[in-house]
Amino acid sequence: QVQLVESGGGSVQAGGSLTLACAALGNMYSRYCMTWFRQAPGKEREVVAIRWISGTVTYADSVKGRFTIYGDNDKNTLYLQMNSLKPEDTAMYYCAARSSIYCPSKFSEYSIWGQGTQVTVSS
């Protein structure tokens, strides 16, 4: 089974950058959708970016053009590069996996999760 561990969160000023990493146990690229979610206090967990098994990537409109999701097969790690960060990006960021070709955007459709890494963007 895939096990996920996130890292790379921290505090940054608006306009800054961070790169998050999600280390996976097992071959995530051959079997799993790999997805980044985030959750701010008092809000629902929302999708940020998805890497499909085919290699296709999709993004939430709120981060399109600023964030990039990519993976490293050798390291079995998923990344989320975040540029031009805004205070509204402040949230706990989670990676999640799903063993299917179709990758949903609802957090309730995923059962494999990391523990999350906090991102705080100050104005």
Side-chain angles (χ1 to χ4, degrees):
Q1 295 186 27
V2 171
Q3 303 291 328
L4 307 175
V5 179
E6 301 100 332
S7 62
S11 298
V12 65
Q13 292 186 341
S17 299
L18 286 172
T19 299
L20 308 182
C22 175
L25 177 64
N27 192 343
M28 66 179 182
Y29 295 104
S30 65
R31 295 177 56 195
Y32 293 92
C33 305
M34 299 300 300
T35 303
W36 284 100
F37 288 86
R38 67 185 182 186
Q39 187 169 22
K43 296 184 178 180
E44 287 269 313
R45 192 167 298 187
E46 64 178 3
V47 68
V48 177
I50 303 174
R51 177 187 167 90
W52 298 60
I53 295 173
S54 65
T56 298
V57 296
T58 55
Y59 299 92
D61 288 340
S62 60
V63 307
K64 193 172 299 182
R66 299 187 297 121
F67 291 12
T68 302
I69 185 172
Y70 63 98
D72 186 321
N73 285 330
D74 292 338
K75 296 182 178 180
N76 205 29
T77 300
L78 181 76
Y79 298 93
L80 182 68
Q81 183 176 330
M82 305 183 294
N83 298 323
S84 301
L85 283 163
K86 305 174 181 179
E88 65 189 63
D89 296 318
T90 296
M92 184 73 74
Y93 283 72
Y94 301 88
C95 62
R98 175 186 168 98
S99 182
S100 63
I101 296 175
Y102 176 75
C103 302
S105 298
K106 294 194 302 182
F107 73 89
S108 60
E109 297 295 328
Y110 292 78
S111 59
I112 302 174
W113 292 88
Q115 291 299 309
T117 185
Q118 178 68 37
V119 172
T120 302
V121 184
S122 60
S123 61

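Values below: every heavy atom of this structure, side chains too, minus hydrogens, waters and symmetry copies. Residue numbers start at 1 and run along the sequence shown.
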Once salt bridge (Lys or Arg N to Asp or Glu O under 4.0 Å) is applied, what residue pairs with a partner in [range] remain, sequence neighbours excluded?
range            : answer
residues 13-22   : none
residues 111-123 : none
residues 3-16    : none

**OP:** May I ask you to decide if Ala24's main-chain N or O and Asn76's side chain share a donor-acceptor pair within less than 3.5 Å?
**Re:**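 Confirmed, Asn76 side chain pairs with Ala24 backbone.
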Original post:
Counting N and O atoms only, with roles assigned by atom type, does the side chain of Arg51 sit under 3.5 Å from a partner on the main chain of Met34, one being a donor and the other an acceptor?
Top reply: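 Not a single qualifying donor-acceptor pair exists.
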Of all the heavy-atom pairs spanning [X] and [Y], show the shortest one and how long it is.
X     : Y     : result
Pro87 : Ala14 : CD-CB, 4.1 Å
Leu78 : Thr35 : CD2-N, 4.3 Å
Ala91 : Ala40 : CB-N, 3.8 Å
Ala23 : Thr77 : CA-OG1, 4.0 Å

If you look only at pairs with a residue in [range], which of them pass as a disulfide bond (SG atoms under 2.5 Å apart), with sequence neighbours excluded?
range           : value
residues 35-65  : none
residues 36-77  : none
residues 78-116 : Cys22-Cys95, Cys33-Cys103

**OP:** To the nearest 0.5 Å, tell me how far Gln39 CD sits from Glu46 CD.
**Re:**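 Between Gln39 CD and Glu46 CD, I get 9.5 Å after rounding to 0.5 Å.
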Subject >> OG1 on Thr120 to CG on Leu85, rounded to 0.5 Å >> reply: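 Here the rounded value is 10.5 Å.
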Original post:
With sequence neighbours excluded, what pairs up with Glu109 under the salt bridge (charged side-chain N to carboxylate O under 4.0 Å, His left out) test?
Top reply: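 Scan of Glu109 (salt bridge (charged side-chain N to carboxylate O under 4.0 Å, His left out), adjacent residues dropped) gives Arg98, Lys106.
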**OP:** Can you sort out the partners of Lys43 under salt bridge (charged side-chain N to carboxylate O under 4.0 Å, His left out), two or more places apart, ordered by chain and number?
**Re:**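 Checked Lys43 against salt bridge (charged side-chain N to carboxylate O under 4.0 Å, His left out); zero matches.
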Test item: [X] and [Y] side chains (from C-beta on) under 4.5 Å apart, heavy atoms:
X      : Y     : result
Arg66  : Met82 : no
Gln118 : Thr90 : yes
Tyr94  : Leu4  : no

Original post:
In the single-linkage hydrophobic clustering (I, L, V, M, F, W, Y; side-chain heavy atoms under 4.5 Å), do Phe107 and Tyr102 co-cluster?
Top reply: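 Same hydrophobic cluster.
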Subject >> Under-4.0 Å salt bridge between Lys86 and Asp89 >> reply: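 Looking at Asp89 together with Lys86, the answer is no, because their closest N to O distance does not fall below 4.0 Å.
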Subject >> Sole residue of Thr117, Leu20, Val119 in side chain to side chain contact (heavy atoms under 4.5 Å, CB included) with Leu80 >> reply: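 Single pass found, and it is Leu20.
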**OP:** Please say which of Thr68, Val48, Ile50 ends up in a side chain to side chain contact (heavy atoms under 4.5 Å, CB included) with Tyr59.
**Re:**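 Per the side chain to side chain contact (heavy atoms under 4.5 Å, CB included) rule, the option paired with Tyr59 is Thr68, out of Thr68, Val48, Ile50.
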Original post:
Got a sec, which residues hit side-chain hydrogen bond (donor to acceptor under 3.5 Å, both in side chains) with Ser111, two or more places apart in sequence or on another chain?
Top reply: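 Residues passing side-chain hydrogen bond (donor to acceptor under 3.5 Å, both in side chains) with Ser111: none at all.
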Original post:
What residues form a side-chain hydrogen bond (donor to acceptor under 3.5 Å, both in side chains) with Thr56, not counting sequence neighbours?
Top reply: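 side-chain hydrogen bond (donor to acceptor under 3.5 Å, both in side chains) list for Thr56, sorted by chain: Ser54.
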**OP:** Go through the structure and list residues passing ring-ring contact (aromatic ring centres under 6.0 Å, His included) with Tyr110, not counting sequence neighbours.
**Re:**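 In terms of ring-ring contact (aromatic ring centres under 6.0 Å, His included), with neighbours along the sequence ignored, Tyr110 is linked to Phe37.
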**OP:** Please test Tyr70 against Thr19 for side-chain contact (heavy atoms from CB on, under 4.5 Å), starting from the C-alpha separation and ending with a verdict.
**Re:** CA-CA 11 Å; Tyr70 63 98; Thr19 299; 4.1 Å; yes
Original post:
Residues two or more places apart in sequence or in another chain: which of them pass side-chain contact (heavy atoms from CB on, under 4.5 Å) with Ser17?
Top reply: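 Applying side-chain contact (heavy atoms from CB on, under 4.5 Å) to Ser17 gives Asn83.
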